[in-house]
Amino acid sequence: MQLSNGKTLTLILLSALLLGSEVHIESHHLVAPDSLQYKQPSIVSGRTDVVAVTPWLAPVVWEGTFNPVLLDSIYKPQNISIAVTVFAVGKYVMFLKDFLETAEQHFFIGFNVHVYVFTDQPTKVPQVKMAAGRQLTVCSVPSSKRWQEISARRMELIQTLIEEKLQNRNDFIFCLDVDSKFHGRWGTESLSGLVAVIHPGYYRDDRSRFPYERRPESRAYVGPGQGDFYYCGGAFGGLLQEVHQLAKTCRSNFEADAKEGIEAAWQEESHLNRYMWINKPSKVLSPEYLWQDFKPRNPEVYIVRFSGVVKNYAEIRPNV
Ligand code: UDP
Ligand code: MN
C-alpha cells in the first residue's frame with residue numbers, strides 16, 4: 001500500500017492512540033546534522049578479531065565499531081531521557097558511592113539521566129553531586145534474608161516502576177548491578193529496542209557450557225543445542241515498552257516456577273537468558289559493558305567500560 005508521509009504518520013499516531021501507548025518515532029529515525037564531519041566509514045576494513053553482528057543481524061557493540069560523536073549528535077536533538085535502576089539492599093549500599101560517582105563520569109554524559117535507587121536503607125544513600133539534567137530518586141524496598149530473593153524481586157520492581165512512574169517520561173531504561181563501577185564511556189551506542197550484554201565469563205565457550213537452567217520443568221529452561229550467547233543478569237535495557245515486557249514475563253515465569261518449588265539456577269539471569277533466546281535482542285553489547293575486575297582483560301577487549309568489583313560474598317550477602 002502506497003501512502004503519503006502525512007498519511008503514514010497519521011496512521012502510526014492513530015494506532016498508538018488506540019493502543020494507548022506513546023510512540024517514539026524519532027528513536028527509530030536516525031537524523032544526523034549535515035554540518036557534521038567525521039572519519040569516512042569503511043565498508044571493507046574494520047574489526048576482524050570479533051563478530052560485530054548476530055545471525056539475526058543485530059549489531060554487537062565493540063570499541064571501534066561505532067562513532068561516538070556521530071551517534072551523540074543524532075540522539076542529542078531528540079532530547080531523550082534514560083532511566084537507570086540499581087538495587088542496594090543490605091550491605092550492598094556500600095557499593096552505591098562508587099557506582100553513582102563513576103556514572104557521573106562515564107554514563108550518558110550530556111544526556112538526561114534519572115537514576116532510581118531501590119534500597120532498604122534510604123538514609124545510607126550517599127549524596128553525589130549530579131550534573132544538570134541528571135537526577136536520583138530513592139525507592140524504599142523491604143530487606144530480605146536471602147540474596148536469591150533480592151535478586152529475583154528486581155524484575156517485579158522494574159515492572160512496577162515502569163508501569164507506575166516511567167510511562168511517558170523516559171524513553172530508555174538500563175537495569176544495572178550496583179557492585180560495579182564505570183571505567184569508560186557507556187552512551188548512545190548502547191541504545192536500541194531490547195539490549196542484552198554478553199556475560200564476560202562464558203563468551204569464548206561452547207553453548208553446552210553456558211550455565212542456563214537445564215531442568216525442563218523450569219520456565220527458564222534452555223535445552224541442549226539451544227541458546228545464542230550467555231547474557232548477564234547484571235546489565236540489560238532498551239526501550240521502556242520492551243524492558244517492561246521482559247520484566248513482566250521473567251517475573252511471572254519466576255513466580256510460576258516458585259509455586260512449583262523450582263528456583264532457576266541463576267534466578268532472574270536464567271529467566272532473562274530464556275527470554276532473550278526467544279525474543280532476540282535488537283542490540284547486543286560486548287563484554288566491554290560488563291567485565292569483572294578479577295578477570296585479566298582479553299586482547300579483543302580494547303576498553304572496559306563497566307566492571308564488577310571483587311567482593312567477599314560471605315561478608316556482604318545475608319546468606320551464603
Ligand atoms: N543485591 C543487593 N543485596 C544483596 C544481594 C544482591 O542489593 O544482598 C542486588 C545488587 O544490586 C546486586 C544484584 O542484586 O548487584 C545482584 O547480586 P550480586 O551482584 O551479588 O550477583 P553477582 O553479580 O555476584 O552474580
Ligand atoms: Mn553483581
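Position 1 is the first residue of the sequence; numbering continues from there. Just follow the structure's listing: the first ligand is 1, and inside any ligand the first atom is 1.
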Backbone, side chain, both or neither: what part of [X] comes under 4.0 angstrom of ligand 1, heavy atoms only?
| X | value |
| --- | --- |
| S144 | neither |
| E269 | neither |
| Y313 | side chain |

Salt bridge or not for E300 and R47, using N-O below 4.0 Å?
->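 Salt bridge between E300 and R47, a charged N being under 4.0 Å from a carboxylate O: no.
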Are K129 and E104 close enough for a salt bridge, meaning some N to O gap below 4.0 Å?
->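 Answer for the salt bridge query: no.
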If I apply the N/O under 3.5 Å rule, does [X] come out as touching ligand 1?
| X | value |
| --- | --- |
| W147 | no |
| V89 | yes |
| F87 | yes |
| L176 | no |

Among all protein heavy atoms, pick the one closest to [atom] and tell me residue, atom and distance.
| atom | answer |
| --- | --- |
| atom 23 (O) of ligand 1 | D177 OD2, 3.1 Å |
| atom 21 (O) of ligand 1 | R317 NH2, 3.3 Å |
| atom 20 (O) of ligand 1 | Y92 OH, 2.5 Å |
| atom 19 (O) of ligand 1 | D179 OD2, 3.0 Å |

With N67, which of T65, V69, L71 fulfils side chain to side chain contact (heavy atoms under 4.5 Å, CB included)?
->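 Between N67 and the candidates, side chain to side chain contact (heavy atoms under 4.5 Å, CB included) is satisfied uniquely by V69.
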Is the centre of the F229 ring less than 6.0 Å from the centre of the Y203 ring?
->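 When the ring centroids of F229 and Y203 are compared, they turn out to be at least 6.0 Å apart.
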For the rings on W186 and F174, is their centre-to-centre separation under 6.0 Å?
->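 Ring centres of F174 and W186 closer than 6.0 Å.
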Determine, using heavy atoms of A88 and all atoms of ligand 1, whether some pair is separated by less than 4.0 Å.
->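 Yes; A88 lies near enough to ligand 1 that a heavy-atom distance drops under 4.0 Å.
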Taking atom types as modelled, find out whether E242 and N279 have a side-chain donor-acceptor pair closer than 3.5 angstrom.
->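 No.
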How long is the span from the NZ atom in K76 to the CZ atom in F111, to the nearest 0.5 Å?
->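 Answer for the NZ-CZ pair, K76 versus F111, is 5.0 Å.
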Do the ring planes of H199 and Y230 sit parallel (below 30°), tilted (30 to 60°) or perpendicular (above 60°)?
->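 The arrangement is tilted - the two ring planes meet at 30° to 60°.
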Taking the six-membered ring for Trp, are Y116 and H114 parallel (under 30°), tilted (30 to 60°) or perpendicular (over 60°)?
->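 Ring orientation of Y116 relative to H114: parallel.
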What atoms of ligand 1 come closer than 4.0 angstrom to any heavy atom of V178?
->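 In order of numbering, the contacting atoms are 10 (C), 11 (O), 15 (O).
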What atoms in ligand 1 come closer than 4.0 Å to a heavy atom of P318?
->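 Matching atoms, with element in brackets: 8 (O).
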Which of these, R154, R274, R251, sits in a salt bridge (Lys or Arg N to Asp or Glu O under 4.0 Å) with E268?
->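 Passing option: R154.
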Name the option, out of K311, H199, K145, that contains the heavy atom nearest to atom 22 (P) of ligand 1.
->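 It is K311 that holds the nearest heavy atom.
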Once rounded to 10 degrees, what value does the angle at the Mn ion (ligand 2) take between OD1 (D179) and OD2 (D177)?
->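 Answer comes to 100°, rounded to 10°.
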